[in-house]
Protein chains: 2
Amino acid sequence: MAVEAVFSAIGDPTRRAIVERLSRSDATVNELASPFSMTLQAVAKHIRILEGAGVIRKKKIGRSYHCALNRAVLTEARSWLDDLERDWSDRLDRLGDFLAEDAKSDRPAQ
Amino acid sequence: MAVEAVFSAIGDPTRRAIVERLSRSDATVNELASPFSMTLQAVAKHIRILEGAGVIRKKKIGRSYHCALNRAVLTEARSWLDDLERDWSDRLDRLGDFLAEDAKSDRPAQ
DNA sequence: CTTATACTAAACCAATTGGTTTACTAAAAA
DNA sequence: TTTTTAGTAAACCAATTGGTTTAGTATAAG
């Protein structure tokens with residue numbers, strides 16, 4: 001599916017917190033919202049974005065909505081990073097890193 | 001360190017394209033900008049965001065700026081996803097998935 | 001020296017985002 | 001039945017974002 005949507009979904013700190021929370025246990029929308037100072041509606045919006053990206057699934061049980069992570073999509077995101085690192089490593093094995101000497105300084109170039 | 005900034009940085013499609021491009025070879029700001037229809041300045045802004053997040057490094061050589069991926073930070077992002085998946089899997093091993101197809105009336109864990 | 005190149009810096013603008021409030025519905029509790 | 005709970009839906013708003021243009025700086029080429 002869309003790795004596109006996944007990264008942009010977990011790019012938001014609130015949504016990453018929700019995802020982390022769900023990695024520990026499934027939870028209802030209310031349970032997910034309670035740690036935040038924002039309104040339930042705001043959190044519900046974030047949840048819908050995560051749902052739209054396929055990061056989580058939601059299911060109505062009684063009058064509450066239970067949420068759970070969708071492993072497949074998260075695995076896809078990880079694969080994107082895996083592939084990236086592999087391509088990068090392969091290339092370095094062949095060519096060497098012309099920026100290697102600067103690797104220690106984190107400062108942006110000027 | 002700031003997985004925060006990393007995910008929000010690669011949450012943008014233009015910036016992900018830049019990162020993918022850099023996984024194949026290092027490149028100058030001009031080289032990175034050329035495939036895009038937007039202005040050089042717009043791409044330069046994206047590059048600065050990636051740099052600020054620690055995803056890439058930039059170095060002035062002559063009058064051009066050369067960019068390269070910063071493996072460490074990308075690895076961190078991958079670790080976040082790894083940890084997430086590990087926590088999630090561990091929990092499922094212990095509890096089972098209440099959203100699994102036949103939908104038992106399992107209460108969500110706290 | 002003069003001009004072109006490869007950028008950076010900053011002002012500016014429209015569209016998107018993240019939040020609010022207000023209003024609604026379905027299910028459980030009293 | 002009436003009320004409360006657990007949400008959804010939508011209008012609305014301020015701040016951020018992603019783009020532009022204009023202007024400036026350092027280096028290389030003519």
Side-chain angles (χ1 to χ4, degrees), chain A residues 2 4-19 21-22 25-53 55-68 98-99 102 107-110, chain B residues 2 4-19 21-22 25-53 55-68 98-99 103 105-110:
Chain A
E4 289 284 327
V6 178
F7 277 117
S8 114
I10 61 177
D12 178 85
T14 302
R15 292 193 289 266
R16 263 198 316 286
I18 291 171
V19 168
R21 166 69 178 78
L22 285 174
S25 74
D26 295 336
T28 64
V29 171
N30 254 315
E31 287 167 343
L32 289 174
S34 63
F36 298 99
S37 55
M38 67 185 81
T39 62
L40 170 72
Q41 288 88 335
V43 176
K45 258 184 170 184
H46 284 298
I47 290 172
R48 244 165 276 138
I49 289 168
L50 287 167
E51 204 186 355
V55 174
I56 73 176
R57 288 171 295 133
K58 214 163 53 171
K59 184 184 187 179
K60 194 174 185 182
I61 298 180
R63 67 184 158 180
S64 50
Y65 288 77
H66 293 243
C67 306
F98 79 91
L99 284 180
D102 264 17
R107 299 180 293 98
Q110 195 68 318
Chain B
E4 289 285 325
V6 178
F7 278 117
S8 113
I10 60 178
D12 177 85
T14 301
R15 291 193 288 266
R16 264 199 316 286
I18 290 171
V19 168
R21 166 69 180 78
L22 285 174
S25 74
D26 296 336
T28 65
V29 171
N30 253 316
E31 288 167 345
L32 289 173
S34 62
F36 298 99
S37 55
M38 68 186 80
T39 62
L40 170 72
Q41 287 89 336
V43 177
K45 257 184 170 183
H46 284 297
I47 290 172
R48 244 165 276 137
I49 289 168
L50 286 167
E51 204 185 357
V55 174
I56 73 176
R57 289 171 294 132
K58 212 162 51 170
K59 185 185 186 177
K60 194 175 185 182
I61 299 180
R63 67 184 158 181
S64 50
Y65 288 76
H66 293 244
C67 305
F98 80 92
L99 281 182
S105 55
D106 259 356
R107 298 188 302 101
Q110 292 203 40

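All chains are named by letter (A, B, ...) in the order of the sequence lines, taking the proteins before the strands, and each is independently numbered beginning at 1.
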What is the distance from [atom1] of [X] to [atom2] of [N], rounded to the nearest Å?
{"X": "E51(B)", "N": "dC7(C)", "atom1": "CD", "atom2": "P", "answer": "13 Å"}
{"X": "K60(A)", "N": "dT8(D)", "atom1": "NZ", "atom2": "P", "answer": "9 Å"}
{"X": "Q41(B)", "N": "dT22(D)", "atom1": "CD", "atom2": "C1'", "answer": "9 Å"}
{"X": "L40(A)", "N": "dG18(C)", "atom1": "CG", "atom2": "C1'", "answer": "15 Å"}
{"X": "H66(B)", "N": "dA6(C)", "atom1": "NE2", "atom2": "P", "answer": "10 Å"}
{"X": "K58(A)", "N": "dG7(D)", "atom1": "NZ", "atom2": "P", "answer": "9 Å"}
{"X": "I61(A)", "N": "dA28(C)", "atom1": "CD1", "atom2": "P", "answer": "11 Å"}
{"X": "I49(B)", "N": "dT16(D)", "atom1": "CD1", "atom2": "C1'", "answer": "11 Å"}

Nearest listed nucleotide, side chain of [X], among [options]:
{"X": "R63(B)", "options": "dT21(C), dA28(D), dT22(D)", "result": "dA28(D)"}
{"X": "Y65(B)", "options": "dG19(C), dC7(C), dT8(D)", "result": "dC7(C)"}
{"X": "M38(B)", "options": "dA26(C), dG18(C), dG19(D)", "result": "dG19(D)"}

Distance col, row I61(A):CD1 vs T28(A):OG1, nearest 0.5 angstrom, shows 10.0 Å
TODO: Hey, could you give me the NE2/NZ distance between H66(B) and K58(B), rounded to the nearest 0.5 Å?
DONE: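 Reported to 0.5 Å precision, the distance equals 12.0 Å.
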N or O in side chain of [X] less than 4.0 angstrom from [N] OP1/OP2:
{"X": "T39(A)", "N": "dG19(C)", "value": "no"}
{"X": "T28(A)", "N": "dA6(D)", "value": "no"}
{"X": "H46(B)", "N": "dG19(D)", "value": "yes"}
{"X": "N30(B)", "N": "dT5(C)", "value": "no"}
{"X": "K45(B)", "N": "dA9(C)", "value": "no"}

Note: contacts of residues 9-18 of chain A with DNA chain C (heavy atom, under 4.0 Å) are D12(A), R15(A)
Residues 33-47 of chain A, side-chain donor-acceptor partners within the protein, below 3.5 Å, at least two apart:
from, atom 1, to, atom 2, distance (Å)
S34(A), OG, E31(A), O, 3.0
T39(A), OG1, A42(A), N, 3.2
H46(A), ND1, R15(A), NH1, 3.0

Between [X] and [Y], which heavy-atom pair has the shortest distance, and what is it?
{"X": "L22(B)", "Y": "A27(B)", "result": "CD2-N, 3.7 Å"}
{"X": "S8(B)", "Y": "G11(A)", "result": "CB-O, 3.2 Å"}
{"X": "A5(A)", "Y": "A53(A)", "result": "O-CB, 3.6 Å"}
{"X": "A68(B)", "Y": "D26(B)", "result": "CB-OD1, 3.2 Å"}

Q: Give one of base, sugar-phosphate or nothing for S64(A), where a contact means two heavy atoms less than 4.0 Å apart.
A: sugar-phosphate
Of A42(A) and R48(B), the one whose nearest nucleotide on DNA chain C sits closer to the 5' end is R48(B)
Side-chain heavy-atom pair S64(B), N30(B) within 4.5 angstrom cut-off |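 Side chain of S64(B) against side chain of N30(B), heavy atoms only: no contact under 4.5 Å found.
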